[in-house]
Amino acid sequence: MKNLKQIINDCKELAFDLNFTRAKKWKAEKDGRVIVGYTPIYFPREVIHAAGGLPVGVFGGGDRKQIIKGDAYYQSYICHIPRSIMELALDKHLDDFDGFIFPSICDVLRNLSGIFKQHKFGKFVKYMDFPQNFLPQIGGVFYQQEMEHVMKYIKEINGKTPTVEELNHSIGLYNKNRQMIEFIYDIRQEFPWRLSIEDVYHIVRAGTVIPVEEHNEILEQVCIHIKENIGEPQDKIKVVVSGAFCEQPAVGLIRAIEEAGCYVVDDDYMLGSRMILGNIDATTNKPLEAISNAYIKQSQYSSSIYDVDNPKEYRLAKIVEKRGANGVIFASASFCDPSLLDAPIFQNAFNKMGIRYIAFQFSENINQFKVIKEQVGAFSDSIKLWEDEPVLVTK
Amino acid sequence: MKLNLKFNNMSKEAIKEKSMILQKEMVEGLFNDLANVEKTGKKVCYTFVPGNLSELIRTFDMLPVYPEINALQSAMRKKSGGYIKEAERNAHSEDVCTYVKCDVGMMMKGNIGPTGTKIPEPDVLLLSYTGCFTFMKWFETLKREYPNAEVVMIHTPYQENAEITPEMTQYMVNQLKEEVIPKMEKVSGVKFDENKLKGFLKLSAEAEDWITKIFDTTKHKPSPIDAYFAGVYYIGPINIGFRGTPEAVEYYKELYSEIQERIRLGLGPVTPEGEMKEEKYRLVVEGPPNWTSFREFWKIFYDMGAVIVASSYTKVGGVYDMGWRHDPERPLESLGEYCMNCYTNLNIPQRIDLLSKCIKDYQADGYVTNSIKSCNSFSAGQLGMMREIEDRLEVPVGFIESDLVDPRYFSYSNIKNRLESYFQMLAQRKMLEKQEA
């Protein structure tokens with residue numbers, strides 16, 4: 001078994017390999033394999049896996065890719081991720097990808113799917129319309145048709161239609177994947193010093209660009225390591241980070257929040273990998289229906305899911321309570337409509353509930369965090385110094 | 001007979017033609033009805049223009065309120081700036097849809113509508129959610145402001161593959177049957193009457209025929225109308241609840257007749273400062289207009305002799321020029337298809353094809369994008385569209401930026417400078433073409 005440091009270093013390399021080397025190597029190893037890129041937030045990767053494909057997260061170039069061509073496609077008042085993804089495509093980073101899926105999340109990524117179609121990137125481009133109707137017999141059926149549409153595209157490339165057994169096998173693998181990620185978060189809830197949130201981020205993000213079987217092996221090893229009593233506790237408050245579910249903050253920012261005096265005990269950075277809460281039934285003879293039911297009934301709250309029957313502010317408040325967090329950091333990508341339009345809803349509710357929060361905006365390519373660090377530090381200090389309840393996390 | 005929209009000058013009272021009077025009567029009637037709901041007991045339905053289910057709302061005898069229409073009217077009355085600031089003081093970001101903030105600000109200031117009377121609270125929030133994700137977020141916000149309102153959501157699938165599949169239509173019909181109609185019955189206390197709906201849909205198709213003919217008159221040279229700046233008035237009745245009424249049909253018939261008279265006389269469009277004397281440039285415009293400085297914005301164009309012969313914005317409440325019509329024989333399917341067929345529910349290649357067709361059919365000299373800062377449904381992808389249209393048709397393209405209802409983002413000098421440069425380029429091109437000919 002590798003030591004934790006080695007594992008984390010491997011994950012760091014994988015997570016930000018903008019040439020997607022591992023995925024391309026995997027594809028080259030056997031005929032009939034396809035790579036399907038997907039953008040945030042969530043796509044049921046089980047479907048691609050069962051069809052002989054490798055789902056690969058395309059989350060932009062972050063602060064690792066200079067944007068030149070992509071800027072010619074997007075005005076200054078549009079968020080950064082579409083120009084970053086365009087840059088990756090135009091610079092041929094995505095050339096070996098067979099198809100692209102754009103899950104419905106906002107108008108910007110929806111329209112980016114059209115630009116990809118216009119440029120004829122890949123063999124197919126699919127805007128995946130997730131249902132906003134949450135009745136299984138209506139929205140659920142529509143969702144299954146959307147998944148079948150994706151399977152049809154893949155079949156046109158490799159001729160493969162996955163069997164029920166193959167779909168259930170894939171569901172099982174991703175169930176295991178989510179279980180282990182949740183285990184890491186659960187351990188960190190009590191012992192956040194055992195693994196920094198930056199490390200967690202790298203480990204989870206690495207799983208979006210490699211086969212799930214390989215990622216599960218990594219996670220198994222991480223879980224073993226963090227069961228041990230490692231690391232030293234520091235005088236920090238616990239926070240939940242919310243709002244950064246699409247365009248990803250630079251790793252420096254993720255690190256800066258913890259350096260400024262906060263243990264991040266939950267977040268939505270890589271929400272797609274954690275979207276389904278609990279397991280999807282891997283034993284039915286209708287696996288697409290099982291995936292659909294899980295999305296409808298077991299999804300995490302999201303700024304892209306109509307929430308009238310299940311208000312998001314209460315769901316986030318429950319996460320805060322469950323994790324024993326002292327407050328929330330709302331981190332929204334600049335010009336991110338879903339996140340920014342949710343801000344007043346969350347903040348008005350939290351004012352009434354007495355949940356402390358701060359809010360700031362970021363952009364994936366910005367790596368100057370002095371102001372944010374000061375803001376987070378002041379937030380941490382204000383809680384540590386003036387709250388009645390002691391917040392020192394003890395080992 | 002004279003065309004509507006005739007003004008003595010920009011500061012004086014407009015001379016109103018018959019069609020304009022008809023429209024005014026319709027709108028005033030609606031606001032009077034809204035002001036009297038406490039007496040009449042009529043139920044109020046908040047909904048949006050793109051994908052509006054006007055005929056269904058009428059079937060249940062409800063009165064529609066369109067928050068984005070309130071916002072643009074607030075802008076034209078110079079009130080939106082204050083409303084937006086009020087919303088921003090309450091955690092709304094500077095960088096999101098200004099329609100939302102204007103609406104929220106107006107609500108915080110007492111919800112006084114354009115006629116000076118309070119707009120009643122909604123009994124039902126009907127979200128048909130067509131082509132704009134922000135609508136969904138907007139109604140999440142409204143639901144929290146109006147906790148007693150029934151929420152009806154109909155998720156409209158996007159034409160991601162440039163088609164409406166039978167599955168998409170069935171999804172819409174299922175939602176209408178199992179969610180929308182039962183909830184509307186519950187709120188209104190009115191039983192759903194399919195024959196009544198069919199009657200409205202028949203009239204809708206008739207109004208859609210007329211408005212298609214009206215926008216097609218820009219094929220004439222000079223164009224008798226401006227299909228953007230005046231077009232936004234023409235689409236009023238069909239978009240804000242009157243589609244499906246005899247009044248709307250009468251309005252469009254009258255308008256068409258007035259335009260025919262202008263064609264017979266060889267007249268160009270009417271502007272706020274009178275008839276446009278010479279048509280120098282014919283343009284197709286993509287994107288919504290700026291509402292806070294609407295007249296100044298328009299003036300830049302007509303001062304330069306530019307007339308808009310087609311625009312994407314006038315298709316935001318329905319695309320009729322490709323032949324689609326409401327069909328009383330397929331009432332629910334038809335409502336679903338209507339929602340899926342609005343402009344912003346078309347994918348980017350479809351939008352490019354549609355605008356390219358307009359440029360060719362209406363013999364446009366140029367293509368201008370008015371990119372709206374806070375409207376990603378339109379703006380995201382516009383630069384790619386512009387590039388493709390330029391390559392495909394070799395037509396000169398222009399690009400300006402403004403906002404819907406936030407006066408801080410309308411820079412008259414910048415826009416005027418850019419457009420003047422653009423018109424110089426068009427003039428140069430025309431001169432060269434003339435020389436070559």
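Lettering follows sequence order; numbering is per chain, from 1. Source: prediction; values computed, not measured. For the numbers below, each heavy atom of this structure counts, side chains included, while hydrogens, waters and symmetry mates do not.
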Subject >> Atom of Y77(A), atom of I372(B) and distance for their closest heavy-atom approach >> reply: CE1-O, 3.8 Å
Subject >> Under 4.5 Å from any heavy atom of chain A - which part of V151(B) >> reply: side chain
Original post:
Any chance NZ of K183(B) has more than 12 other-residue heavy atoms, nucleotides or ligands included, within less than 6.0 Å?
Top reply: yes
**OP:** Could you tell me which portion of V125(A) (side chain, backbone, both or neither) has an atom closer than 4.5 angstrom to a non-hydrogen atom of chain B?
**Re:** backbone
Original post:
Given that the side chain runs from C-beta out, which part of E179(B) has a heavy atom under 4.5 Å from chain A: side chain, backbone, both or neither?
Top reply: side chain
**OP:** Using non-hydrogen atoms and a 4.5 Å limit, figure out which bit of V108(A) sits close to chain B: side chain, backbone, both or neither.
**Re:** both
Original post:
How are the rings of Y127(A) and Y158(B) set relative to one another: parallel (under 30°), tilted (30 to 60°) or perpendicular (over 60°)?
Top reply: perpendicular
Subject >> Flag for Q145(A)-Y171(B): side-chain donor and acceptor within less than 3.5 Å >> reply: no
Original post:
Using non-hydrogen atoms only, which part of N347(B) is less than 4.5 Å away from chain A: side chain, backbone, both, or neither?
Top reply: side chain
Original post:
How many angstroms lie between atom OH of Y73(A) and atom CD of Q382(B), to the nearest 0.5 angstrom?
Top reply: 15.0 Å
Subject >> Distance, nearest 0.5 Å, that separates CG of N111(A) from CZ of F133(B) >> reply: 12.0 Å
Subject >> Closest contact, heavy atoms only, E140(B) versus I305(A) >> reply: OE2-O, 3.4 Å
Subject >> Spacing of E146(A) atom CD and M168(B) atom CE [to the nearest 0.5 Å] >> reply: 8.0 Å
**OP:** Let me know if S304(A) has heavy atoms under 4.5 Å from chain B in its side chain, its backbone, both or neither.
**Re:** both
Original post:
Measuring heavy-atom distances to chain A, does I154(B) have an atom under 4.5 Å in its side chain, in its backbone, in both, or in neither?
Top reply: neither
Original post:
For E163(B), does the CD atom sit with more than 12 other heavy atoms under 6.0 Å from it, leaving out its own atoms?
Top reply: yes
Subject >> Contacting region of A72(A) [heavy-atom separation from chain B under 4.5 Å] >> reply: both
Original post:
What are the two closest heavy atoms between L340(A) and S93(B), and how far apart are they?
Top reply: CD1-OG, 3.7 Å
Subject >> For chain A, the option from A91(B), P157(B), S377(B) that forms the most heavy-atom pairs under 4.5 Å >> reply: S377(B)
Subject >> Heavy-atom contact with chain B under 4.5 Å, split by part of H149(A) >> reply: side chain
Original post:
Given that the side chain runs from C-beta out, which part of L125(B) has a heavy atom under 4.5 Å from chain A: side chain, backbone, both or neither?
Top reply: neither
Subject >> Structural part of L142(B) lying under 4.5 Å from a heavy atom of chain A >> reply: neither
Subject >> K143(B) side chain to D309(A) backbone, donor-acceptor under 3.5 Å >> reply: no
Original post:
Should we say atom CD of E178(B) is surrounded by more than 12 heavy atoms from elsewhere, each under 6.0 Å from it?
Top reply: yes
Original post:
Who wins among T134(B), L127(B), N90(B) for the most heavy-atom pairs under 4.5 Å with chain A?
Top reply: T134(B)
**OP:** Report the option among A87(B), G131(B), C97(B) that has the most heavy-atom pairs separated by less than 4.5 Å from atoms of chain A.
**Re:** G131(B)
Subject >> Contact class of S303(A) relative to chain B, heavy atoms under 4.5 angstrom >> reply: both
Subject >> CD1 on I115(A) to CD1 on I348(B), rounded to 0.5 Å >> reply: 5.0 Å
Original post:
Most heavy-atom pairs under 4.5 angstrom with chain B, which of H119(A), K312(A), M128(A)?
Top reply: K312(A)
**OP:** Output the distance between atom CG (D95(B)) and atom OG (S339(A)), rounded to the nearest 0.5 Å.
**Re:** 11.5 Å
Subject >> Portion of F130(A) that has a non-hydrogen atom of chain B nearer than 4.5 angstrom >> reply: backbone
**OP:** Can you sort out the partners of Q170(B) under side-chain contact (heavy atoms from CB on, under 4.5 Å), two or more places apart, ordered by chain and number?
**Re:** V173(B), N174(B)
Original post:
Looking only at heavy atoms, which two atoms of P338(A) and K137(B) are closest? And how far apart?
Top reply: O-CE, 3.7 Å
**OP:** Decide yes or no on side chain to side chain contact (heavy atoms under 4.5 Å, CB included) for I352(B) and Q118(A), but give the supporting numbers first.
**Re:** CA-CA 9 Å; I352(B) 293 169; Q118(A) 194 65 32; 3.6 Å; yes
Original post:
What do the steps show when you test F102(A) against E160(B) for side chain to side chain contact (heavy atoms under 4.5 Å, CB included), and what is the final call?
Top reply: CA-CA 10 Å; F102(A) 293 82; E160(B) 62 99 13; over 6 Å; no
Original post:
For I105(A), is it the side chain, the backbone, both, or neither that has a heavy atom closer than 4.5 Å to a heavy atom of chain B?
Top reply: backbone
Subject >> Non-hydrogen side-chain atoms of N133(A) and M153(B) separated by less than 4.5 Å >> reply: no
Original post:
From Q75(A) CD over to E401(B) CD, what is the distance, rounded to the nearest 0.5 angstrom?
Top reply: 6.5 Å
Original post:
Are the side chains of K117(A) and N161(B) in touch, meaning some heavy atoms are under 4.5 Å apart?
Top reply: yes
Original post:
Using non-hydrogen atoms only, which part of E388(B) is less than 4.5 Å away from chain A: side chain, backbone, both, or neither?
Top reply: side chain
**OP:** Identify the two heavy atoms, one from R110(A) and one from C132(B), that lie closest to each other, and give their separation to 0.1 Å.
**Re:** NH1-N, 3.8 Å
**OP:** Give the minimum heavy-atom separation between R144(B) and D307(A), together with the two atoms involved.
**Re:** NH2-OD2, 2.6 Å
